[in-house]
Amino acid sequence: MNKKSGTSADDSKRKVTRKVTVAVIGAGTAGQNAFRQASKIFDNIVIINEGFWTTTCIAVGCMPSKLLIAAADRAHEANHSAEFGVHATAQIDGKQVMQRVRDERSHFASYIKEQVDSWPDHKKIAGRACINEHGLIEVNDEVIEASKVIVATGSSPFIPDGWAEKLGHTLLTSDTVFELTDLPKSMAVVGAGSVGLELAQAFTRLGVDVTLFNREKRVAGLKDDDINNKAIDCLNRELTMHLGSKISNVGTQANGSNNSSAAFIDYEDSAGESQQWQGEYVLVATGRRNNIKQLGVEYLGVELDNKNRPKHLSEKTGQIGDLNVYIVGDANVHLPLLHVASDEGYSAGSMVCDNKKAAYIRPPATPFSIVFCAPQIVNVGLSLPEIQQDPTLEYVIGRVSFDNQGRSRVMGVNCGLLHIYGCKKTDRILGASMVGPDAEYIGHILATAITNDLSIKAMLDTPFYHPTILEGLRTALRDVQQKMEIPYQYHDTQEASF
Ligand SMILES: Cc1cc2nc3c(=O)[nH]c(=O)nc-3n(C[C@H](O)[C@H](O)[C@H](O)COP(=O)(O)OP(=O)(O)OC[C@H]3O[C@@H](n4cnc5c(N)ncnc54)[C@H](O)[C@@H]3O)c2cc1C
Ligand SMILES: NC(=O)c1ccc[n+]([C@@H]2O[C@H](COP(=O)([O-])OP(=O)(O)OC[C@H]3O[C@@H](n4cnc5c(N)ncnc54)[C@H](O)[C@@H]3O)[C@@H](O)[C@H]2O)c1
């Protein structure tokens with residue numbers, strides 16, 4: 001993509017050092033998939049990456065966070081078994097907890113390393129790429145002219161202006177928190193999105209004194225008010241949350257007890273009262289931003305909107321309009337999730353091969369997200385506001401509460417609510433939102449149903465084993481069916497009540 005090659009006076013300084021058919025910028029999940037796929041056809045290909053080559057997911061994302069949650073859940077179960085007549089108190093070795101997180105992370109990273117090591121050295125460049133005004137990729141001493149460019153530069157934690165300087169060594173983000181060698185005594189977590197909720201609850205369960213702040217009275221960005229209120233109700237039972245609070249200042253101050261400094265947060269609580277929190281660390285989880293602002297994609301003809309999202313993005317392949325430019329994974333902001341990054345990378349890698357061989361372009365995935373707090377939070381398909389905006393969608397909401405659902409109660413995890421949005425006209429599921437036990441499995445079933453256009457009748461004709469938490473899904477589907485006034489199945493059965 002050499003937009004203006006040969007037109008500049010300082011061309012001599014920008015001599016092209018390499019011409020390639022495909023350049024992939026970023027070697028996370030999306031970039032590695034794109035590279036692997038495109039390499040099946042093209043030999044003249046290069047992948048450029050700054051930092052670790054083991055993916056955000058493995059190094060600082062999905063895997064270390066779930067490893068921490070796994071330890072936290074063990075501790076929680078030990079400490080909360082008294083209702084079953086089993087009395088125990090968890091002895092938590094913070095150093096061992098954090099070491100296992102890193103050891104297991106290294107285990108997962110070793111698979112990626114093996115793959116990356118198998119790629120020829122001359123096709124890998126370690127360094128920060130930027131695209132110059134001629135549409136050439138500059139990295140280290142190289143100036144690369146590429147016919148096709150795949151941008152897979154991911155995203156990074158967003159830190160509000162000035163906070164990094166003010167909080168200094170007391171600031172943590174998801175990029176640094178897994179490097180802690182021991183569990184801290186106290187921590188504020190700012191942001192109740194997926195990162196904030198998962199980590200705040202995990203550290204609480206591991207005995208850290210955690211306070212969670214969020215500026216909205218909303219968790220996990222939930223858009224269905226009933227599900228949001230239920231999630232807050234369930235999470236409040238173990239988490240200290242200041243939702244709807246406004247942070248006015250952050251910083252550090254001398255810690256009276258020793259020579260160190262402690263962090264503070266000045267905030268106005270939801271009742272309008274001025275308050276101060278003090279503690280050891282502030283984990284900032286206020287969102288992520290795509291790594292694209294400084295890259296120079298505009299020199300390839302890409303237009304960005306005011307939130308740095310690429311315009312004219314094909315959600316199927318990541319292609320930008322009819323340019324030979326593909327923006328995939330978190331870099332395009334579309335759905336910043338692992339499976340999406342993986343699929344988009346694969347599809348873009350197939351596309352640059354002109355779809356000739358071994359190419360499979362996946363259809364855009366049904367929107368689907370899981371937050372791995374307890375109870376889990378899941379959203380599938382269209383959200384309630386999206387459905388409400390479209391008057392042609394005649395919808396009903398099928399509900400089930402998990403507060404007294406049979407197996408949930410047996411297991412002592414009976415807090416939750418599922419809403420299924422059904423379409424009256426088509427007998428299909430438009431979307432769903434849930435907080436509750438086994439939500440990750442229920443979410444997968446609902447995503448399968450939406451993706452494969454299953455009718456609610458077809459879903460109700462499939463077996464639901466007894467006693468399972470998944471029987472709650474059937475209760476919600478029956479509620480949808482009843483509200484649609486389509487009496488497919490007589491279901492005055494006993495098991496709905498236990
Ligand atoms: C704490 C946390 C937990 C998460 N948990 C989950 C989860 O449970 N499930 C889920 O689906 N998703 C989860 N995610 C999101 C998931 O990790 C991301 O969606 C996914 O890893 C994005 O992959 P990617 O390939 O787009 O980017 P990345 O893996 O981030 O790769 C981008 C690469 O590009 C490099 N790069 C950036 N700029 C340049 C440049 N100019 N030149 C060269 N290289 C550059 C970066 O250094 C990086 O190596 C989580 C994220 C976080 C932070
Ligand atoms: N389980 C998963 O799939 C998973 C887990 C972690 C991360 N992720 C991915 O990472 C992305 C980023 O997650 P995230 O949680 O960092 O971002 P997010 O955008 O989901 O949530 C950020 C939260 O911080 C709040 N906030 C922002 N500024 C604030 C301020 N100054 N004071 C108080 N609150 C403030 C927002 O209101 C919001 O609730 C997610 O969108 C998701 O794609 C996924």
Side-chain angles (χ1 to χ4, degrees), residues 57-110 172 174 176-187 189 192 194-212 219-220 231 234-241 280-281 283 285 338 370-378 402 405 407-416 434-444 468-470:
C57 168
I58 288 177
V60 291
C62 328
M63 300 314 277
S65 56
K66 273 66 214 180
L67 284 160
L68 191 78
I69 290 168
D73 289 352
R74 294 293 167 107
H76 182 78
E77 287 199 2
N79 286 330
H80 292 82
S81 295
E83 67 168 297
F84 298 90
V86 178
H87 300 273
T89 308
Q91 302 290 315
I92 298 166
D93 180 334
K95 289 193 172 90
Q96 204 182 333
V97 166
M98 297 311 294
Q99 192 57 50
R100 179 175 187 269
V101 168
R102 285 189 294 275
D103 288 349
E104 286 299 302
R105 173 176 74 173
S106 302
H107 167 81
F108 294 117
S110 67
L172 293 171
S174 54
T176 55
V177 69
F178 304 112
E179 308 313 317
L180 288 174
T181 52
D182 201 351
L183 291 167
K185 286 196 171 48
S186 61
M187 178 189 283
V189 176
S194 347
V195 173
L197 276 182
E198 288 183 358
L199 296 181
Q201 189 180 48
F203 280 115
T204 301
R205 288 184 162 195
L206 288 164
V208 180
D209 179 6
V210 177
T211 306
L212 177 64
V219 293
C234 300
L235 290 164
N236 252 334
R237 296 175 190 188
E238 55 176 296
L239 260 178
T240 304
M241 299 198 285
E280 210 173 335
Y281 287 107
L283 171 59
L338 192 275
I370 304 173
V371 183
F372 294 88
C373 51
Q376 295 173 338
I377 295 172
V378 157
F402 286 86
Q405 196 267 340
R407 185 67 184 282
S408 306
R409 202 179 163 100
V410 166
M411 305 300 288
V413 289
N414 47 317
C415 192
M434 172 175 178
V435 57
D438 277 3
E440 62 178 283
Y441 307 111
I442 291 175
H444 274 91
T468 59
I469 293 176
L470 269 72

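This one's a predicted model, so the numbers in the text were calculated from it and none came from an experiment.
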Heavy-atom pair of closest approach, residues [X] and [Y]:
X: Pro64; Y: Gly61; result: CD-O, 3.4 Å
X: Glu198; Y: Phe372; result: OE2-N, 2.8 Å
X: Ala220; Y: Ile377; result: CB-CD1, 3.9 Å
X: Ala200; Y: Leu212; result: CB-CD1, 4.1 Å

Does the pair Val210 and Leu199 meet the rule for a side chain to side chain contact (heavy atoms under 4.5 Å, CB included), with working shown?
-> CA-CA 10 Å; Val210 177; Leu199 296 181; over 6 Å; no
Let me see the working for Cys62 and Cys57 under disulfide bond (SG atoms under 2.5 Å apart), right down to the final yes or no.
-> CA-CA 5 Å; Cys62 328; Cys57 168; 3.0 Å; no
Check the pair Val371 / Ser194 against side chain to side chain contact (heavy atoms under 4.5 Å, CB included), numbers first and verdict last.
-> CA-CA 6 Å; Val371 183; Ser194 347; 4.1 Å; yes
With a 4.5 Å limit on heavy-atom distance, are the side chains of [X] and [Y] in contact?
X: Met187; Y: Leu172; answer: yes
X: Val195; Y: Leu283; answer: no
X: Cys415; Y: Arg237; answer: yes
X: Val435; Y: Leu235; answer: no
X: Phe203; Y: Val177; answer: yes
X: Pro184; Y: Val208; answer: yes
X: Leu197; Y: Val219; answer: yes

May I ask you to check whether over 12 heavy atoms, not counting those of [X], lie within 6.0 Å of atom [atom1]?
X: Lys66; atom1: NZ; result: yes
X: Phe108; atom1: CZ; result: yes
X: Arg409; atom1: CZ; result: no
X: His107; atom1: NE2; result: yes

Review item, side-chain donor-acceptor pairs of residues 73-85, under 3.5 Å, at least two apart:
unit_1 : atom_1 : unit_2 : atom_2 : d
Asp73  : OD1    : Arg205 : NH1    : 2.8
His76  : ND1    : His80  : ND1    : 3.4
His76  : ND1    : Arg205 : NE     : 3.4
His76  : NE2    : Arg205 : NH2    : 3.4
Asn79  : OD1    : Ala90  : N      : 2.9
Asn79  : ND2    : Ala75  : O      : 3.3
His80  : ND1    : His76  : O      : 2.9
Ser81  : OG     : Glu77  : O      : 2.4

Taking only distance into account, with no hydrogens and no angle test, what donor-acceptor pairs under 3.5 Å do side-chain atoms of residues 91-101 form with protein atoms, sequence neighbours excluded?
unit_1 : atom_1 : unit_2 : atom_2 : d
Asp93  : OD1    : Lys95  : N      : 3.2
Asp93  : OD1    : Gln96  : N      : 3.1
Gln99  : NE2    : Asp103 : OD1    : 2.9

From [atom1] ([X]) to [atom2] ([Y]), nearest 0.5 Å:
X: Thr181; Y: Glu179; atom1: OG1; atom2: CD; answer: 10.0 Å
X: Gln201; Y: Ile69; atom1: CD; atom2: CD1; answer: 7.5 Å
X: Leu180; Y: Tyr281; atom1: CG; atom2: OH; answer: 5.0 Å
X: Asn414; Y: Cys234; atom1: CG; atom2: SG; answer: 9.5 Å

Whether the side chain of [X] engages the backbone of [Y] through a donor-acceptor N/O pair (distance < 3.5 Å, no angle test) should be reported.
X: Arg105; Y: Met63; answer: no
X: Ser408; Y: Val413; answer: no
X: Glu440; Y: Val378; answer: no

Side chain to side chain contact (heavy atoms under 4.5 Å, CB included) between Ile442 and Phe402, worked out | CA-CA 13 Å; Ile442 291 175; Phe402 286 86; 4.0 Å; yes
